[in-house]
Protein chains: 2
Amino acid sequence: MIGRFLEDFAAGQTFRSGRVRIDTERIKTFGAEFDPQPFHLDEEAARDTIFRGLAASGCHTAAVTMRLLVESDLKPAGGIVGAGADEFRWPRPVRPGDELRIESEVLEVRPSRSRPDQGLIKVRTTTLNQNDEAVQVIIANLVVPRRPTPGGEEAAASEHVDPAGERVSSSVPPHDRRSSDE
Amino acid sequence: MIGRFLEDFAAGQTFRSGRVRIDTERIKTFGAEFDPQPFHLDEEAARDTIFRGLAASGCHTAAVTMRLLVESDLKPAGGIVGAGADEFRWPRPVRPGDELRIESEVLEVRPSRSRPDQGLIKVRTTTLNQNDEAVQVIIANLVVPRRPTPGGEEAAASEHVDPAGERVSSSVPPHDRRSSDE
């Protein structure tokens, strides 16, 4: 729960992630629980559908993207807390064996008008497969706390202030707070 | 995979679902797999976060909403296939024990310009908790096949045409194809 404050973000910053492989079994079990339609459940039944074969549920792709985002170096203080999304597209299906990664770019940073202790960052996250083809694009608005006014840089580097103003010590070593702007 | 064709949808139609209960354990296991942040993993750790207690991941809420949508009477022919979303918000957190249901409304129906065999419907789906408070609002564009031109009503009632034009017989009994407009 340590990380960047609103003041640490700027439009143009980019962040990347590792890769995760999407396997057939998880496509089917995720589909069975959350999106039980033939094209997410069974190769044979998927053949005669719009997908022309087994494909991951868009919700599955979104969930895997969330995991990649949490593990990326974006790391807003207070965690990745989505207020919503302005755009959300799945340009192509995710297939069994695809290896997904993300590229995120900060598009906008703005303080909240009603909440002086926080703001929003607008972040476009593109989920790419192993052929560098986009499988999902989301432009999300994330809630990010502002750096606490008394204390400055020193305090910001070792503590954060939650929405109620309570300080929480950091146990995250400095190398985990490196900048990953590329 | 039988259901309504584009011609069967009209702006103003509404659809509802049953309810599903979100339990603590599933919030935590979903969080552990897809959104490993303190507010989705542990009551104690969640207390000092922006959520002030355990809350379901937004991806979890979205996935449960998908399940409710698949089980609702919306049932587009060819399945629920999302092209993307114009709006996506989580107005309030989902808490352990919440019972979720959805209300969907068709906002717009339009044939595709490039694909004469399909079109898009724009559907607003609001996910509500047991107190009728909105926990998620999504305005999604769904791909829906048009009714096959040769065959008319009779064929549409018992068969559908997939994007390649191949006919697939229906095994869905007539009562599952009822209108649910409310």
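Quick note on labels: first sequence line is chain A, next is B, and so on, each numbered from 1. Side chains included, hydrogens not; waters and symmetry mates left out as well; all remaining heavy atoms used.
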Report the distance from atom [atom1] of [X] to atom [atom2] of [Y], rounding to the nearest 0.5 Å.
| X | Y | atom1 | atom2 | result |
| --- | --- | --- | --- | --- |
| B:D86 | A:E87 | CG | CD | 9.0 Å |
| A:Q37 | B:M66 | CD | CE | 4.5 Å |
| B:F34 | A:F30 | CZ | CZ | 5.0 Å |

TODO: Kindly indicate whether the side chain of A:E33, heavy atoms from C-beta on, has any atom under 4.5 Å from the side chain of B:R26.
DONE: yes

Task: chain B contact residues among residues 107-114 of chain A, heavy-atom distance under 4.5 Å - done: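 Residues in range: none.
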
Open item on the list: Parallel, tilted or perpendicular: which one describes the rings of B:F88 and A:F88, with boundaries at 30° and 60°?
Closed with: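 It falls in the parallel class, under 30°.
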
Task: Short side-chain to backbone donor-acceptor contact, A:R67 and B:A32, under 3.5 Å - done: yes

In terms of heavy-atom proximity below 4.5 Å to chain A, should [X] be classed as side chain, backbone, both, or neither?
| X | value |
| --- | --- |
| B:V64 | both |
| B:A63 | both |
| B:V20 | neither |

TODO: Could you check which of A:I80, A:L69, A:V81, A:T65 has the highest count of heavy-atom pairs closer than 4.5 Å to chain B?
DONE: A:I80

- [ ] Among the options A:V70, A:L68, A:I138, pick out the one with the most heavy-atom pairs lying under 4.5 Å from chain B.
- [x] A:V70

TODO: Sequence neighbours left out, what passes side-chain contact (heavy atoms from CB on, under 4.5 Å) with A:N131? Give chain and number order.
DONE: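 Testing A:N131 for side-chain contact (heavy atoms from CB on, under 4.5 Å), a comparison that skips the adjacent residues, returns A:N129, A:E133.
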
In one Ile/Leu/Val/Met/Phe/Trp/Tyr side-chain cluster, 4.5 Å: [X], [Y]:
| X | Y | value |
| --- | --- | --- |
| B:V106 | B:I139 | no |
| A:F51 | A:W90 | no |
| B:F15 | B:V123 | yes |

Open item on the list: Between A:V137 and chain B, with a heavy-atom cut-off of 4.5 Å, which part of the residue counts as in contact: side chain, backbone, both or neither?
Closed with: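 For A:V137, there is no contact with chain B at all, as no heavy atom is under 4.5 Å.
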
- [ ] Measure across A:C59 and B:A62 and return the closest heavy-atom pair with its distance rounded to 0.1 Å.
- [x] SG-O, 3.9 Å

